Structure formats: structure tokens, C-alpha cells
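Right, one structure below, let's go through it.
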Amino acid sequence: MSMGRRKGEQTPMWLSGAALARSPGHKFYEKLNQLLAEAEFDRQVEELCAPYFEADERRGRPSIAPGMYFRMLFVGYFEGIESERGLEWRCADSLSLRTFLGVAMDKRVPDHSSLSRMRTRLDGKVYEEVFRRVLAIVESKGLLRGKVEGVDSTYLRADASMKSIVRKDTGDDYAAYLKKLCEAEDIQDPTVEDARRMDRSRKGKKTSNEEWQSPTDADARIVRLKDGRTRLGYKAEHVVDLETCAIVAAEVYTGTDADTATLRPSLEAARTNVTAARSDSDDDDDAPPPATSSEGTREIVEVVGDKGYHKVQSLLELRRAQYRTYIPAPEQKGQRHFGDKGRMLAREAFHHNQARVRRAKGKALLRQRGEKLERTFAFACETGAQRRVRLRGRDNVRKRYLVHAAAVNLGLVMRTLFGHGTPRQATSAALAAIIATLWIVLRTMASAIPTLFGTPLLRPMDCRSARRFAT
């Protein structure tokens with residue numbers, strides 16, 4: 001075989017798309033495309049987005065195809081990309097992602113400004129419907145029960161800095177505010193160090209949302225983290241089917257909204273999503289019954305939450321709305337009084353909830369909530385890189401997060417059907433299988449030649465240990 005040499009020939013001026021080099025594609029995205037094609041995802045999202053565009057195709061430049069747009073947002077979860085600029089770069093750089101999006105080699109991937117215009121043009125209801133269509137795919141694969149639901153919330157860091165906050169009444173930033181305080185203390189020409197020293201020692205120091213706001217993101221709120229730090233952020237709340245780990249509702253609220261205030265809206269959104277997913281799924285003999293009982297009332301849904309969701313009035317309202325709660329009560333000194341919360345019904349709702357929590361079933365459900373709820377947050381926020389949002393405004397953050405949660409549900413379907421929930425997991429599993437096979441071959445060879453100068457060639461290791469070693 002002779003050595004090849006790099007030729008300095010000039011590239012041809014014209015090259016057809018069929019003649020361009022193509023990759024074999026990523027098996028994960030190929031199977032995901034098959035799953036979306038089976039559910040007619042592109043046709044459904046085009047019908048949802050049609051009212052927001054001109055009916056005459058000859059008027060104006062065509063927009064991004066809705067199926068391509070939402071696929072790019074799905075890539076944000078599967079590849080762990082948080083910004084729209086990163087999505088553009090990654091999709092343009094990968095041949096397999098071009099195939100997944102349906103972008104020809106001679107075409108350009110939609111840039112980040114097109115993604116931004118598409119996001120602002122479409123209403124939030126479109127993103128809710130897309131989430132429900134993906135939930136219908138979960139339902140069609142038998143991964144949706146909707147009878148036992150867990151609820152929990154987490155913190156999303158906003159795309160705004162605490163250093164840039166300003167006063168609501170005067171518009172002064174923190175440095176100008178400290179300078180005025182120093183002048184009120186008769187400190188002439190205060191330096192930066194003088195302002196900091198006075199700020200550390202002054203009494204009544206408080207940074208509240210009633211007095212301060214972000215000039216770049218008015219919807220972001222000052223949130224105190226568990227370690228005592230303060231950040232600008234939002235609150236994301238998941239309602240998860242504890243039997244299958246499917247996200248049935250993903251809502252984004254302001255960072256100061258209490259858990260007891262957002263519990264009922266999130267549960268109602270979950271109930272609406274489950275009903276819509278069941279109605280959109282294929283009507284066959286194995287389809288689950290509608291969410292109503294024989295008496296025509298709503299089906300009772302069991303709700304599992306932590307102590308932050310406990311409130312006697314909320315327990316009473318959920319009971320009237322056909323929810324059976326498993327929410328432990330926080331410790332309270334003295335005797336609990338129900339005079340200002342209602343009559344005997346509030347007392348009855350409280351004690352029945354406490355009795356359910358103390359039973360073996362309630363304890364088991366609380367353990368499942370701690371495991372499966374945190375898993376969905378790990379997938380969406382850590383693996384999917386949405387702990388820090390790159391959009392401003394609650395509406396924009398909610399739109400992106402809804403599609404992100406839909407991608408988490410798609411990963412659940414892919415993991416159930418094919419064993420891999422993300423392309424990185426599929427690649428790691430293939431590499432682990434290769435290393436495990438290679439180790440078995442080496443161990444077989446070592447058994448034929450047990451020792452070399454009295455020293456064992458390989459330590460004994462089974463296949464399970466080899467796979468653990470490979471990962």
C-alpha cells in the first residue's frame with residue numbers, strides 16, 4: 001500500500017448536495033425521528049402554528065418549519081445546551097443533527113435570531129399543546145397512569161445579576177443608594193470602602209422585592225437559597241406521575257410564589273394535560289377509561305408533597321376538588337386551632353391527611369416522591385442545562401421550559417423502548433459494551449496462559465465488574 005499525499009488541487013466551483021459527504025447518523029436521533037413520525041408530530045405542530053402566520057404562502061419570507069423549530073429545542077435537552085446561540089452552533093456543526101432536523105447540506109441551519117422571532121410569535125398556548133401532544137405519545141406507549149402524582153418545586157437562576165438591581169422608587173443602583181446613606185450619616189466624600197464598611201455595620205439591612213427590582217428582567221425575583229445566598233430567579237414546579245416518572249405538568253412561577261399558592265394551579269394543569277393526552281391518543285380497546293367515575297364526578301387523584309405544601313385551607317380545597325393528599329404537616333408547638341379556617345370540614349381534612357401520611361402506603365409514597373421528583377429535576381436542570389435560564393421574562397422562560405419538559409418525556413419513552421434516554425447515554429453504553437467484550441477476550445487469553453514468570457496476567461473480573469469499570 002503506497003502512502004497517500006495531500007493534493008493542492010482547487011475545489012470545484014459547483015458541487016451537488018448528493019455528492020457531499022454524509023455521516024451514517026446517530027442511531028438515537030434516527031429512532032427519535034421514527035417515534036415522532038409515527039405520532040405525526042410535524043403535521044400536528046403545523047396545524048397548531050398555522051393561525052399565527054399568513055395563509056398565503058406567497059406573502060413574505062417563509063418561517064422556520066414548526067417541526068424543525070421544536071426539534072431544535074428538543075436538542076437543547078438531549079445535548080445539554082442552554083442558549084439559543086449554542087443550539088445554532090451545535091446543529092450547524094453536526095451532520096447527524098442536520099439529518100434529525102431535516103436540513104439539507106446546502107442549506108443553512110436557522111440562526112438564533114430566527115429562533116427568537118419564532119418564540120415571540122407563537123403564543124404560550126401553542127407550547128402547552130405541544131407538551132400535551134408529547135404527553136399523548138407517552139400515553140400511547142403505556143407510560144401514563146395519572147392516578148398517583150407527586151409535586152415539588154426547584155429554583156431556576158434568572159439571566160440577571162444582583163449587582164444590577166435598582167430601587168423601585170428612585171431608580172438608583174446599589175452603589176448610589178449606599179452613597180446617599182453615607183451622606184445621611186454625615187460622611188463627606190465617601191469612598192467605595194467607606195460605603196462597604198457602613199453597609200456591613202448598619203442595622204435593618206434588607207434587600208426585598210418590594211424595594212428592589214432588576215432593570216433587565218422585571219419578572220425575576222430575589223430568592224434566598226438554602227445556603228443563605230440571594231439570587232434573582234424563578235420557581236419551576238413539576239407534577240410527576242409516580243408510577244411511570246412522566247412529567248404531567250411543568251409550570252414556571254415567580255420566585256416568591258409560595259408552594260401552597262401554586263399547588264392547586266399546577267394540579268389542575270396536570271389534570272387537564274392528562275385528559276387531553278388521553279383524548280389525543282389512539283382510540284383502541286386497550287385505551288384507559290376517561291378520568292371520571294360512575295357518578296359523573298372527577299376521578300380521585302392521589303397527591304404527594306412535602307411539608308412546604310401543607311396548609312389546612314389547601315387541604316380542604318383539594319379534598320373538595322377530588323384530590324386525596326399525602327402531605328406531612330410541619331412541627332408546631334401547642335394545640336392546632338381551626339376556628340379561622342372553617343368548621344369541622346377543615347379539622348376532618350387535616351386529620352384524615354395526617355392519618356394517610358402515617359400509614360405504610362403514605363410512607364412508601366413519600367419515599368417515591370423524594371426519589372422520582374428529584375430525578376426529573378436532575379434530568380431537566382442538570383443534564384438538560386436549564387438550571388440557569390438564558391431568556392428574560394416569565395413568559396419566555398415558561399415557553400422554553402415546557403418544551404424542555406416535553407423532551408424529558410421523550411427521553412423517558414426512548415429509555416423504555418430502546419434502553420437509552422439521551423444520545424450520550426447511548427454512546428456510553430456502546431463504549432462500555434466494547435470494553436466489556438475486550439476484557440472477556442483478554443481474560444480468555446489469560447486463562448490459556450495462566451502465569452508469566454510466576455505473576456498472574458489478569459485479575460479475575462466478571463462481566464458486571466467490567467461494565468462498571470468501563471463506565
Side-chain angles (χ1 to χ4, degrees), residues 45 48-49 51-52 66 69-77 81-84 86-87 112 115-135 149 151-160 209 213-214 216-223 231-240 246-259 261-274 276-277 373 376-377 379-410:
V45 295
L48 292 174
C49 300
Y52 298 90
Y69 169 69
F70 286 107
R71 276 179 171 82
M72 290 189 71
L73 297 185
F74 291 158
V75 170
Y77 164 71
I81 302 173
E82 58 185 10
S83 65
E84 293 176 345
L87 285 177
H112 62 91
L115 296 178
S116 178
R117 287 194 297 269
M118 192 78 171
R119 183 189 67 249
T120 55
R121 177 180 288 269
L122 299 179
D123 191 67
K125 296 181 180 179
V126 176
Y127 295 83
E128 295 175 4
E129 288 297 328
V130 170
F131 178 82
R132 292 166 185 166
R133 299 303 169 90
V134 174
L135 197 61
E149 298 174 351
V151 59
D152 202 357
S153 62
T154 189
Y155 153 79
L156 300 180
R157 185 175 179 181
D159 190 21
N209 290 286
Q213 67 177 1
S214 172
T216 57
D217 191 353
D219 293 338
R221 296 292 183 269
I222 301 174
V223 181
R231 292 289 185 271
L232 289 168
Y234 296 91
K235 186 181 82 167
E237 194 165 61
H238 286 188
V239 182
V240 178
I247 302 176
V248 294
E251 296 294 329
V252 176
Y253 302 98
T254 58
T256 54
D257 288 341
D259 290 342
T262 59
L263 176 59
R264 179 71 182 279
S266 297
L267 292 177
E268 291 298 327
R271 177 171 275 171
T272 303
N273 294 338
V274 172
L373 264 297
T376 60
F377 287 128
F379 287 156
C381 299
E382 308 303 332
T383 305
Q386 275 297 298
R387 179 65 67 185
R388 171 73 179 266
V389 298
R390 293 297 178 180
L391 301 176
R392 294 174 179 176
R394 176 175 171 268
D395 292 338
N396 289 327
V397 174
R398 182 174 180 268
K399 291 176 181 178
R400 177 68 189 276
Y401 199 82
L402 276 172
V403 184
H404 211 71
V408 176
N409 286 337
L410 285 176

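Bear in mind the structure is a predicted one, so any value in this text is a computation, not a measurement.
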message: Distance check, rounded to the nearest 0.5 Å: H112 atom NE2 versus R117 atom CZ?
response: 9.5 Å
message: Checking the side chain of S266 only, and the main-chain atoms of L263 only, is there a donor and an acceptor separated by less than 3.5 Å?
response: no
Y77/F379 aromatic ring centres below 6.0 Å: no
message: Test your reading of the model: is there a side-chain donor-acceptor pair from T272 to the backbone of E268, 3.5 Å cut-off?
response: yes
message: Which heavy atom of A406 sits nearest to which heavy atom of V134, and what is that distance?
response: O-CG1, 3.3 Å
message: I'd like to know if the side chain of R387 and the backbone of Y155 have a donor-acceptor N/O pair within less than 3.5 Å.
response: yes
- line: CG of L122 to CG of L48, rounded to nearest 0.5 Å, is 9.5 Å
- prompt: Is a side-chain donor or acceptor of R392 paired with a backbone partner of D159 at a separation under 3.5 angstrom?
  reply: yes
Closest contact, heavy atoms only, F70 versus V126: CZ-CG1, 4.3 Å
field: Shortest non-hydrogen contact between Y234 and G393, atoms and distance
entry: OH-N, 3.4 Å
query: For L402, which of R398, R400, H404 qualifies under side-chain contact (heavy atoms from CB on, under 4.5 Å)?
result: R398
field: Partners passing side-chain hydrogen bond (donor to acceptor under 3.5 Å, both in side chains) against S83 (at least two apart in sequence or in another chain)
entry: none
field: Approximate separation, where rounding is to 0.5 Å, of L232 CG and D219 CG
entry: 11.5 Å
Inter-residue atom distance K399.NZ - T120.OG1, 0.5 Å rounding: 6.5 Å
Residue that, paired with V239, satisfies side-chain contact (heavy atoms from CB on, under 4.5 Å) out of L267, V274, T376: L267
Spacing of N273 atom CG and I247 atom CD1 [to the nearest 0.5 Å]: 11.5 Å
field: For F74 against V403, the heavy-atom pair lying closest together
entry: CE2-CG1, 3.5 Å
Interatomic distance, L87 atom CG to E82 atom CD [nearest 0.5 angstrom]: 10.0 Å
query: Judged by atom type as modelled, is there a donor-acceptor pair below 3.5 Å linking the side chain of R388 to the main-chain atoms of Q386?
result: no
query: If you look at every heavy atom in I222 and N209, which pair is closest and at what distance?
result: N-OD1, 2.7 Å
query: Between R394 and V252, is there a donor-acceptor pair closer than 3.5 Å when you use the side chain of the first and the backbone of the second?
result: yes
Short side-chain to backbone donor-acceptor contact, K235 and T262, under 3.5 Å: no
query: Who are the ring-ring contact (aromatic ring centres under 6.0 Å, His included) partners of H238, not counting sequence neighbours?
result: F377, Y401
- prompt: Does R121 reach the main-chain N or O of Y52 with its side chain, forming a donor-acceptor pair under 3.5 Å?
  reply: yes
task: Would you name the heavy atoms of E149 and A270 that are closest together and state the gap between them?
output: OE1-CB, 4.1 Å
